[in-house]
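Following: one structure in structure tokens, then a few remarks.
Order of listing sets the numbers, starting from 1, for every ligand and every atom in it. Predicted model only: the values in this text are computed from it and were never measured.
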Amino acid sequence: MSKKIQAIRGMNDLLPKDSTLWLSLERTILDLFIAYGYQNIRTPIVENTDTFCRAIGGTTDIVEKEMYSWTESGGESLSLRPEGTAGCVRMMIEHNLPREGIQKVFYQGAMFRHERPQKGRYRQFHQIGLEVFAAVDAKADAELMMITHALWQALGLKNIVLEINTLGSSKARAAYKKVLVAYFNQHKDQLDEDSLRRLKTNPLRILDTKNKAMHSVISNAPKLMDYLDQESAQHFEQFKTYLDALNIAYVINTRLVRGLDYYNRTVFEWTTTDLGAQGTICAGGRFDGLVEKMGGTPTPAVGLAIGLERLVLLLEAQNLMTVESTLSIYLVALGEKAQLKSMQIASVLHDALTNVILYNDLTLGSFKSQFKKADKAKAHFALILGEQELNNNQVSIKPLKGQGTQQSMNLEEAIKYFKGNK
Ligand code: ATP
Ligand code: MG
């Protein structure tokens, strides 16, 4: 027997029953971003592997072990995008966009990482991200916090904390790295295997470990904050001043270094304790050197990405799954003539009503079975077309929720009725 076909581990289907919430969540996010003056961009899911390696950094988890890569017949190595910033920066450079002035953009879509699947961690997952190019001031960093803060409020989310840190300039970081390496070398016995390896490749990443056993060696480590260059210190102060002015609470987490190589100065994560180990729902920071590193003219940049699966899990955990329901009507029709007429009525109703869901019955079954389908669709009303209605040139409306009684009327009155019921 041939093997049963099924989805790849860690890559999920979105079922019809779950899609209403996803769509409403995505709409809320995208509408908010548009309201803040950001514009949508779309880049390919596949890029040259080198685009990601150069952007993300060769010593990161993503590039070391999480990328889906393959070689084309011509020898070229391509990869599925593990994140959205690399493609976005590539696009900015290729189309010379920052030359036209500050760019405020957002992207959305599937990302791919070969990780161990678990709750809140998948191999195909979805991000919506914001990026600002050519704005050096901390006002840009603060605007991103303002937008995400507004989003959590719009969604009714609670128990989310903003953690911030600064990574300083690359020069300050190089000086700090030396001190850090010396410290960890003195405490090698407390490092796990992964960290011993990182001590050689990317020592700052040790601070980002998820290993609880290393908690004390990490918390006693020297802090980058004490090695900051003056401009970065000032930038961080300015960032905090903006957050205070906006009444956005934050905690400074000096161990926050983020998984990716490209950050400098501001880094941040919005985290929650409601999702276990996968508690970061949104993360990002400043990456002033990346555009130049990827071959463009030096252009400061700052951005973030929201993990949609984790946001959905959090909405579930906090019982915020309710989606505001639009008026919905199931068109019940009995007999051949009524089928035709109900389709004509559907098209008239679509023209007359905005924000309505109309279900055409396709079972062509009995009244009873059509009403069952109407209930299953959770329609607010049944609009009934039987022999009697056809003869009287009327329709009957039956409320399917609450107490209302069935009434017959002509189509114009029915439109008024539905408009009044919104
Ligand atoms: P983590 O430390 O949890 O691995 P990360 O630092 O790798 O996260 P980023 O690359 O910053 O994550 O991605 C931004 C956001 O995308 C994360 O905060 C998270 O919400 C989401 N995310 C990242 N990886 C996954 C994944 N494998 N499955 C689901 N969501 C993810
Ligand atoms: Mg990761």
Per-atom filter on ligand 1: closer than 4.0 angstrom to a heavy atom of G307 are 16 (O), 20 (O), 21 (C)
Is any side-chain N of the basic residue among R198 and D192 closer than 4.0 Å to the acidic one's carboxylate O? no
So which bit of I306 gets within less than 4.0 Å of ligand 1, heavy atoms only: side chain, backbone, both or neither? neither
Given E66, Q118, R113, E115, identify the one with the heavy atom nearest to atom 12 (O) of ligand 1. R113
Taking only non-hydrogen atoms of M111, do any sit less than 4.0 angstrom from ligand 1? no
Mind checking ring-ring contact (aromatic ring centres under 6.0 Å, His included) for Y227 and listing every partner two or more places apart, or none if nothing turns up? Y176
Solution key, residues 126-135 side-chain donor-acceptor pairs under 3.5 Å, sequence neighbours excluded:
residue : atom : partner : partner atom : Å
H126    : ND1  : E309    : OE2          : 2.7
E131    : OE2  : T85     : OG1          : 2.7

Salt bridge R54-D50, side-chain N to carboxylate O under 4.0 Å: yes
For atom 29 (C) of ligand 1, which candidate among G279, G120, C282 provides the closest heavy atom? G120
I'd like to check which ligand 1 atoms, numbered from 1 as shown, lie under 4.0 Å from a non-hydrogen atom of I281. 20 (O)
Using a 6.0 Å cut-off, check whether atom NZ of K177 has over 12 heavy atoms from anything other than its own residue. no
Backbone or side chain, does any N or O of Q127 fall under 3.5 Å from an N or O of ligand 1? yes
Can we say D375 and K372 salt-bridge, meaning some charged N sits less than 4.0 Å from an Asp/Glu carboxylate O? no
Between R205 and E64, does at least one N-O distance fall below 4.0 Å, as a salt bridge requires? no
Record the part of K210 in heavy-atom contact with ligand 1 below 4.0 Å; permitted values are side chain, backbone, both and neither. side chain
Ligand 1 contact on E309 by region, counting heavy-atom pairs under 4.0 Å: neither
Considering Y122, F112, F125, which one's heavy-atom position lies nearest to atom 25 (C) of ligand 1? F125
